[in-house]
Amino acid sequence: MTTSLKAVTHAQNIRYDKAAEALYIIDQSLLPNEEKELRLRTAGEMVEAIQKLRVRGAPAIGICAAYCLYVLARTIEEPDPAAFQARLREYSAQLCASRPTAVNLSWALGEMEKTAAAHLSDPRPVLLEALYQKAVDIHQDDIAKCRAISEHGLSLLKEGDGVLTHCNAGPLATSRYGTAQGPFFLAAERGMNIRVFADETRPLLQGARLTSYELHRAGVDVTLICDNMASMVMKNGWVQACFVGCDRIAANGDTANKIGTSGVAVLAKHYGIPVYVLGPTSTIDMDCPDGAHIPIELRDPEEIKTLWYEKPMVLPGVKCYNPSFDVTDHSLISGIVTEKGICRAPYTESLAALFH
Ligand code: MRU
């Protein structure tokens with residue numbers, strides 16, 4: 001089932017229809033079996049969509065939250081600017097609490113709150129239009145950043161290389177192209193052959209359900225493996241680099257990404273394979289000194305116990321530990337690829353330089 005490359009890289013995972021005043025997302029929890037748009041109207045629906053990973057991936061969560069806050073702002077009837085702002089902040093806090101690890105969520109909401117503050121004394125339609133424009137800017141900006149990250153990432157690869165990736169950092173998780181998957185699409189556009197090994201990514205199988213779905217449809221050479229097969233694939237010499245996305249990069253380069261990423265990095269070090277983290281500067285949290293300060297989301301044990309099957313796979317009383325992310329130590333990272341270029345160690349200096 002090969003679709004066109006462009007149909008995959010330009011798919012609209014988040015769409016605001018201005019004429020209909022409606023916000024839609026592709027419900028990623030249904031993929032790859034069903035492609036269905038979901039309309040988000042209320043704060044409750046929005047929080048649920050983020051928590052249940054109907055919209056997921058650090059940049060996508062940020063973009064979606066920006067539009068969500070705009071939609072909610074339109075529903076606030078308080079004529080008093082201070083009361084309006086207080087209500088908007090409540091909505092923002094509600095959205096922000098939906099998932100803790102990806103910093104893009106609080107970053108995008110912070111940008112929206114700043115915009116509202118700057119237009120608080122304007123007539124309400126002007127304020128709302130400024131919020132709409134900000135959400136569009138955040139979205140458009142991510143498109144440009146993903147493209148630049150993909151270019152920088154591709155510069156690290158050569159014809160015929162094999163690359164291992166973990167989780168999903170493609171168009172569904174971002175805007176277009178993606179971050180860690182972006183170079184694979186770009187390579188395909190340019191007729192370059194890259195072989196991708198996609199970890200299935202237990203427990204929610206973003207690698208199987210989303211990464212292999214996107215890459216296969218786009219005609220990229222992708223091989224799906226179980227997470228515990230990565231060592232063998234590396235030992236076989238099939239992988240020349242690992243490309244992973246990120247949910248929060250601390251000031252020292254420690255990087256939170258989908259659970260299992262740090263294990264991939266430890267394995268890669270053993271086999272002498274470079275690990276690159278690809279993400280926009282909006283995923284870098286300079287206020288967070290190191291990985292120990294990154295909040296790690298703990299998710300429902302049912303995700304381990306039942307997977308996507310209807311029948312449980314373990315006895316009901318079995319204890320489970322289900323962290324959604326882990327932190328890869330900066331010493332295991334060969335480079336952090338942002339839209340501004342590739343940062344190398346020492347990251348405390350190279351990351352700080354991005355913001356000067
Ligand atoms: O729990 P998820 O599916 O939102 O986790 C997503 C990841 O860990 C991605 O690798 C990360 O957000 C980067 S997306 C460009």
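In each ligand, atom 1 is the first atom listed, and ligand 1 is the first ligand listed.
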K.L.:
What part of P59, side chain from CB on, backbone N/CA/C/O, both or neither, has a heavy atom under 4.0 Å from ligand 1?
P.N.:
side chain
K.L.:
Please check whether F325 reaches ligand 1 - meaning an N/O of the residue sits under 3.5 Å from an N/O of the ligand, judged on distance alone.
P.N.:
no
K.L.:
Is there a polar contact, in the sense of an N or O pair closer than 3.5 Å, between G57 and ligand 1?
P.N.:
yes
K.L.:
Answer yes or no: is there an ion pair linking E78 with R124, defined by an N-O contact shorter than 4.0 Å?
P.N.:
no
K.L.:
Tell me whether R299 is salt-bridged to E303, with the criterion being a basic N under 4.0 Å from an acidic carboxylate O.
P.N.:
yes
K.L.:
If we only count heavy atoms from C-beta on, is the H166 to T211 side-chain gap below 4.5 Å?
P.N.:
no
K.L.:
For atom 5 (O) of ligand 1, what is the closest protein heavy atom, and at what distance to 0.1 Å?
P.N.:
K258 CE, 3.3 Å
K.L.:
In terms of atom number and element, which parts of ligand 1 are under 4.0 angstrom from non-hydrogen atoms of Q206?
P.N.:
1 (O), 2 (P), 3 (O)
K.L.:
Considering only heavy atoms of A173, which atoms of ligand 1 have at least one such atom less than 4.0 Å away?
P.N.:
14 (S)
K.L.:
Give the residue and atom name of whichever protein heavy atom lies nearest to atom 4 (O) of ligand 1, and the separation in Å to one decimal.
P.N.:
R99 NH1, 2.8 Å
K.L.:
To the nearest 0.1 Å, how far is atom 6 (C) of ligand 1 from its closest protein heavy atom, and which atom is that?
P.N.:
R56 NH2, 3.5 Å
K.L.:
Please state which protein non-hydrogen atom is closest to atom 15 (C) of ligand 1 and give its distance, to 0.1 Å?
P.N.:
T179 OG1, 3.2 Å
K.L.:
Which atoms of ligand 1 are found less than 4.0 Å from any heavy atom of A58?
P.N.:
12 (O), 14 (S)
K.L.:
Any salt bridge between D27 and R54, counting N to O under 4.0 Å?
P.N.:
yes
K.L.:
With a 4.0 Å cut-off on heavy atoms, is L278 in contact with ligand 1?
P.N.:
no
K.L.:
Distance only, no hydrogens: is a donor on one side chain within 3.5 Å (strictly under) of an acceptor on the other, for S92 and E113?
P.N.:
yes
K.L.:
Salt-bridge test for E77 and R87: reply yes if a basic N is under 4.0 Å from a carboxylate O, no otherwise.
P.N.:
no
K.L.:
Would you say the ring centroid of Y24 lies under 6.0 angstrom from that of Y16?
P.N.:
no
K.L.:
Please work out, at 4.0 Å between heavy atoms, whether the side chain, the backbone, both, or neither of L204 comes within that distance of ligand 1.
P.N.:
neither
K.L.:
Looking at ligand 1, is there an atom of it that comes within less than 4.0 Å of some heavy atom belonging to C246?
P.N.:
yes
K.L.:
Taking the side chain as C-beta and beyond, is there a heavy-atom pair between L278 and S150 under 4.5 Å?
P.N.:
no
K.L.:
Does any N or O of ligand 1 fall below 3.5 Å from an N or O anywhere on T174, backbone included?
P.N.:
no
K.L.:
Check ligand 1 against N168 and write out every atom of the ligand that is under 4.0 Å from a heavy-atom position of the residue.
P.N.:
9 (C), 10 (O), 14 (S)
K.L.:
Which part of H166 is near ligand 1, with near meaning a heavy atom under 4.0 Å away: side chain, backbone, both or neither?
P.N.:
neither
K.L.:
Side chain or backbone of C167 under 4.0 Å from ligand 1, or both, or neither, by non-hydrogen atoms?
P.N.:
side chain
K.L.:
Check this for me, if you would: do D161 and K158 make a salt bridge, where the nitrogen-to-carboxylate-oxygen distance has to be below 4.0 angstrom?
P.N.:
yes
K.L.:
Which ligand 1 atoms are under 4.0 Å away from a heavy-atom of A169?
P.N.:
14 (S), 15 (C)
K.L.:
Quick test: of every protein heavy atom, which one is nearest to atom 9 (C) of ligand 1, and how far off is it to 0.1 Å?
P.N.:
N257 OD1, 3.4 Å
K.L.:
Describe, in one word, how the ring planes of H10 and Y177 are oriented to each other, choosing from parallel (under 30°), tilted (30 to 60°) and perpendicular (over 60°).
P.N.:
perpendicular
K.L.:
Please report which non-hydrogen protein atom sits nearest to atom 11 (C) of ligand 1, along with the residue it belongs to and the distance in Å to one decimal place.
P.N.:
D247 OD1, 3.2 Å
K.L.:
May I ask you to decide whether R147 forms a salt bridge with E189, counting only side-chain N to carboxylate O separations under 4.0 Å?
P.N.:
yes
K.L.:
Output yes when R217 and E35 qualify as a salt bridge under the 4.0 Å nitrogen-oxygen rule, no when they do not.
P.N.:
yes
